[in-house]
Protein chains: 2
Amino acid sequence: MREAGVDARKKRILQAIIEDYVLTALPVGSRTISRKYETSLSSATIRNEMSDLEEMGYLAQPHVSAGRVPSHKAYRLYVDGLLQGEVRADEEMKAFFADQLRPTEDVATAAAQALAGLTRYTAVVMMPKQLELRVSCLQLVPMPRGAALLVIVTDTGAIRDTVIRVSERLDSDALFSISRLLTERLAGRTLQEVQEMLGAYARMNGPDARVLEGIAALAAQMEKQSAQDTVIIAGSHNILNYPEYSDVEKARAFLTALEEKEKLTHLLSHHDAPFMVHIGSESAISDMQDCAIVTAGFPVGRGHRGAVGVIGPSRMPYEKVLSALGAASHVLGELLGE
Amino acid sequence: MREAGVDARKKRILQAIIEDYVLTALPVGSRTISRKYETSLSSATIRNEMSDLEEMGYLAQPHVSAGRVPSHKAYRLYVDGLLQGEVRADEEMKAFFADQLRPTEDVATAAAQALAGLTRYTAVVMMPKQLELRVSCLQLVPMPRGAALLVIVTDTGAIRDTVIRVSERLDSDALFSISRLLTERLAGRTLQEVQEMLGAYARMNGPDARVLEGIAALAAQMEKQSAQDTVIIAGSHNILNYPEYSDVEKARAFLTALEEKEKLTHLLSHHDAPFMVHIGSESAISDMQDCAIVTAGFPVGRGHRGAVGVIGPSRMPYEKVLSALGAASHVLGELLGE
DNA sequence: GTTAGCACTCGACGAACGAGAGTGCTAACA
DNA sequence: TGTTAGCACTCTCGTTCGTCGAGTGCTAAC
């Protein structure tokens with residue numbers, strides 16, 4: 001083995017192969033490259049180079065008389081090249097977001113949907129778990145027919161609500177007094193503490209124990225939900241648009257794998273670099289072997305970080321996806337960071 | 001044509017064919033029926049009967065040497081028979097619901113998910129549009145860092161909220177005073193009126209016009225959403241479990257058709273009988289030609305009716321689906337009716 | 001180092017064919 | 001008159017075989 005390096009020309013050829021394959025999903029032959037990309041070289045020359053690249057593990061042949069297909073290693077080289085450069089945030093994506101800024105918790109959902117819609121891939125957003133959430137405000141809003149909406153707001157701005165039954169006698173002023181009392185007593189406490197305190201009260205208190213029970217239940221639910229990373233998925237069946245998944249069994253396996261969110265969470269929660277790209281088997285999720293997962297992190301306050309990602313076939317226009325992700329993570333960071 | 005009727009034996013045979021076909025999705029031969037169902041008759045006899053049934057339009061042959069497949073007309077006869085009898089509400093389904101009674105608006109979502117999970121088909125819930133919604137209460141809940149959660153509750157118990165920015169000077173008492181004032185002025189008004197009134201105020205009022213604008217925007221959004229029937233879909237990719245959709249193109253067409261909710265809405269909103277079954281082309285949604293849609297209505301108050309439905313291949317265990325739907329509509333009616 | 005030429009390989013596609021499933025028809029039977 | 005056995009017939013499915021074409025690797029010439 002005299003020459004082990006990937007020289008500039010090999011790199012150009014490899015890039016051409018990748019770009020052609022991303023477009024067509026068909027093995028790329030030497031003639032195609034010679035015609036469409038490296039017009040100054042003949043197909044024979046390209047063949048020699050391709051042969052070298054195959055030996056180095058960057059290309060593979062589905063069978064001997066087919067063209068070449070880029071390997072995971074090739075995508076990796078290509079993507080690393082992209083990540084070296086500046087990732088430019090996609091302006092279209094940013095504009096898309098700007099229109100529908102709704103600073104409630106469901107920005108994450110909106111972001112996932114926007115990303116899935118624009119990239120035509122599957123998008124995921126991971127919101128990290130938040131331990132030790134402290135109650136900031138607690139309010140009962142009157143509703144018709146002896147009901148009330150119980151709202152809990154935490155110091156991080158998380159909101160959760162539920163409808164509870166209350167005595168018909170309580171009018172809106174009474175509910176406000178109760179709210180104020182409860183907020184005074186409970187503000188600054190963790191959800192855990194709130195549950196404990198209310199458990200104690202509820203056993204003593206007679207008539208309006210229902211309210212306290214409702215609060216305890218909501219606090220419990222809120223604590224449970226916030227104690228684990230949550231993953232939001234959008235555009236899951238975009239995958240059906242790609243020939244890689246023209247087999248229903250594969251598509252089903254993919255969709256089922258998406259439902260089991262643990263692995264996805266794991267992948268998304270170890271996110272140090274601004275962008276990460278997991279290609280093929282690197283992702284360690286079976287049923288997603290020929291997928292790539294491109295992710296970007298964003299701050300959500302208190303030093304925690306969430307992540308947003310796009311899942312599609314390894315054959316993916318990484319540059320576009322990266323810039324869309326850049327825009328999404330930027331906007332999410334602005335909305336959800338401190 | 002001497003005898004035009006479907007006598008009892010023909011009916012039994014037809015039923016056997018349908019039930020076998022529902023299980024296997026394979027054309028049913030005369031031998032199968034003679035062996036598994038009508039053991040006292042020979043296959044030749046069954047063949048004669050099947051031939052008659054085919055002539056009457058109840059059966060079809062994919063090709064001459066295959067077994068028979070029930071036609072839409074056959075399903076129709078079968079289903080009409082079922083609908084004559086009592087539809088027993090599925091106890092498992094009911095129990096499932098009882099566990100997670102959450103009387104907020106997302107019961108509809110929960111119902112759809114439960115139904116999709118238990119039937120393994122696609123489930124839809126339609127909530128009818130509500131015109132002339134009147135505000136019952138309006139409340140600002142303090143949030144950290146100069147924000148507030150604005151909650152609007154209507155006389156029907158519908159809730160919508162959004163986060164708005166407010167002056168940092170406003171503490172929870174101030175917000176309550178504003179809430180009380182606003183509720184006094186606006187309670188009983190329609191969402192339309194609220195928007196008009198606030199538009200007028202906001203132009204005059206200086207500093208806290210933001211709050212009024214926020215309310216007007218939320219009222220507008222709420223009015224827009226409630227002015228049209230909304231459809232909630234769950235388990236859309238359950239369809240991939242059935243051989244009818246082993247072709248990716250078909251599956252994709254189906255999923256795309258689901259996204260366009262107008263036709264679905266139309267189908268679900270004309271719901272007079274307690275149960276309705278649309279089979280095949282009856283449903284008039286292309287891309288769902290070999291589907292059946294089974295629906296049940298439920299009351300949502302004010303004389304309006306919502307509907308819950310299950311969409312799957314025509315080959316469907318109608319009895320089970322009907323009883324699951326019965327349970328779902330019963331529970332939804334109890335939670336959402338007056 | 002590059003290129004033209006050529007033999008070779010392998011998958012896709014279509015035709016031919018046998019096996020198997022299921023039918024319709026006829027004739028015999030109760 | 002209704003039921004059944006028997007049989008010829010039809011059609012699909014899977015297999016095999018041969019052809020076509022795309023694309024390669026190798027060699028020799030530039």
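In this text, all values refer to a predicted model and were calculated from it rather than measured experimentally. All heavy atoms count here, side chains included; hydrogens, waters and symmetry mates do not. Chain letters run A, B, ... following the sequence lines, proteins first, then strands; residues in each count from 1.
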Legend entry - Where protein sits on nucleotides 11-20 of chain C, one letter per nucleotide: B base, S sugar-phosphate only, - none, heavy atoms under 4.0 Å: S---------

Legend entry - Flag side-chain contact, heavy atom, 4.5 Å: B:V79 against B:I279: yes

Let me have the donor-acceptor pairs involving side chains of residues 15-29 of chain B, under 3.5 Å, with sequence neighbours excluded, atom names and distances please.
residue : atom : partner : partner atom : Å
B:Q15   : NE2  : B:E19   : OE2          : 3.1
B:E19   : OE2  : B:Y78   : OH           : 3.3
B:D20   : OD1  : B:K36   : NZ           : 2.9
B:D20   : OD1  : B:Y37   : OH           : 2.8
B:T24   : OG1  : B:D20   : O            : 3.0
B:T24   : OG1  : B:L26   : N            : 3.1

Inset, instruction - Name all residues meeting the salt bridge (Lys or Arg N to Asp or Glu O under 4.0 Å) criterion together with A:E54; count only those two or more places apart in sequence or in a different chain, and write none if there are none. - result: A:R68

Inset, instruction - Name all residues meeting the salt bridge (Lys or Arg N to Asp or Glu O under 4.0 Å) criterion together with A:R252; count only those two or more places apart in sequence or in a different chain, and write none if there are none. - result: A:E249

Inset, instruction - List for me each residue that meets ring-ring contact (aromatic ring centres under 6.0 Å, His included) alongside B:F275, sequence neighbours excluded, and say none if there are none. - result: none

Legend entry - Salt bridge present between A:R76 and A:D80 (N-O < 4.0 angstrom): yes

Inset, instruction - Anything under 30° is parallel, anything over 60° is perpendicular, the rest tilted; go ahead and classify B:Y318 against B:Y75. - result: tilted

Inset, instruction - Just jot down the ring-ring contact (aromatic ring centres under 6.0 Å, His included) partners of B:Y245, sequence neighbours excluded, or say none. - result: B:F254

Legend entry - Gap between atoms CZ and P, on A:R68 and D:dA22 respectively (whole Å): 17 Å

Legend entry - A:Q61 CD - C:dT9 C1' separation (whole Å): 10 Å

Legend entry - d(CD, A:E54; P, D:dC26) in whole Å: 11 Å

Inset, instruction - Residues of residues 11-33 of chain A with any non-hydrogen atom less than 4.0 angstrom from an atom of DNA chain C: list those, numerically ordered, please. - result: none

Legend entry - Residues in salt bridge (Lys or Arg N to Asp or Glu O under 4.0 Å) contact with A:E259, at least two apart in sequence or another chain: none

Inset, instruction - State the dot-bracket string of DNA chain D. Criteria: Watson-Crick or G-U wobble, both atom distances under 3.5 angstrom; notation: ( ) intrastrand, [ ] crossing earlier pairs, | interstrand, . unpaired. - result: ||||||||||||||||||||||||||||||

Legend entry - Atom pair distance, as rounded to whole Å: CE in A:M50 and P in D:dG25: 9 Å

Legend entry - Closest non-hydrogen atom pair between A:A66 and A:Q61, with its separation: O-NE2, 3.3 Å

Legend entry - Nearest non-hydrogen partners of B:R315 and B:Y121, listed with the distance: O-OH, 4.1 Å

Legend entry - Residue list, side chain to side chain donor-acceptor pair (under 3.5 Å) with B:E49, at least two apart or on another chain: B:R9, B:K10

Inset, instruction - May I have the distance from B:L59 (atom CG) to C:dG22 (atom P), rounded to whole angstrom? - result: 15 Å

Inset, instruction - Rounded off to whole Å, could you give me the CG-to-P distance for the B:L53 and C:dG24 pair? - result: 12 Å

Legend entry - Where protein sits on nucleotides 3-8 of chain D, one letter per nucleotide: B base, S sugar-phosphate only, - none, heavy atoms under 4.0 Å: SBBB--

Legend entry - Qualifying residues under side chain to side chain donor-acceptor pair (under 3.5 Å), relative to B:R31, sequence neighbours excluded: none

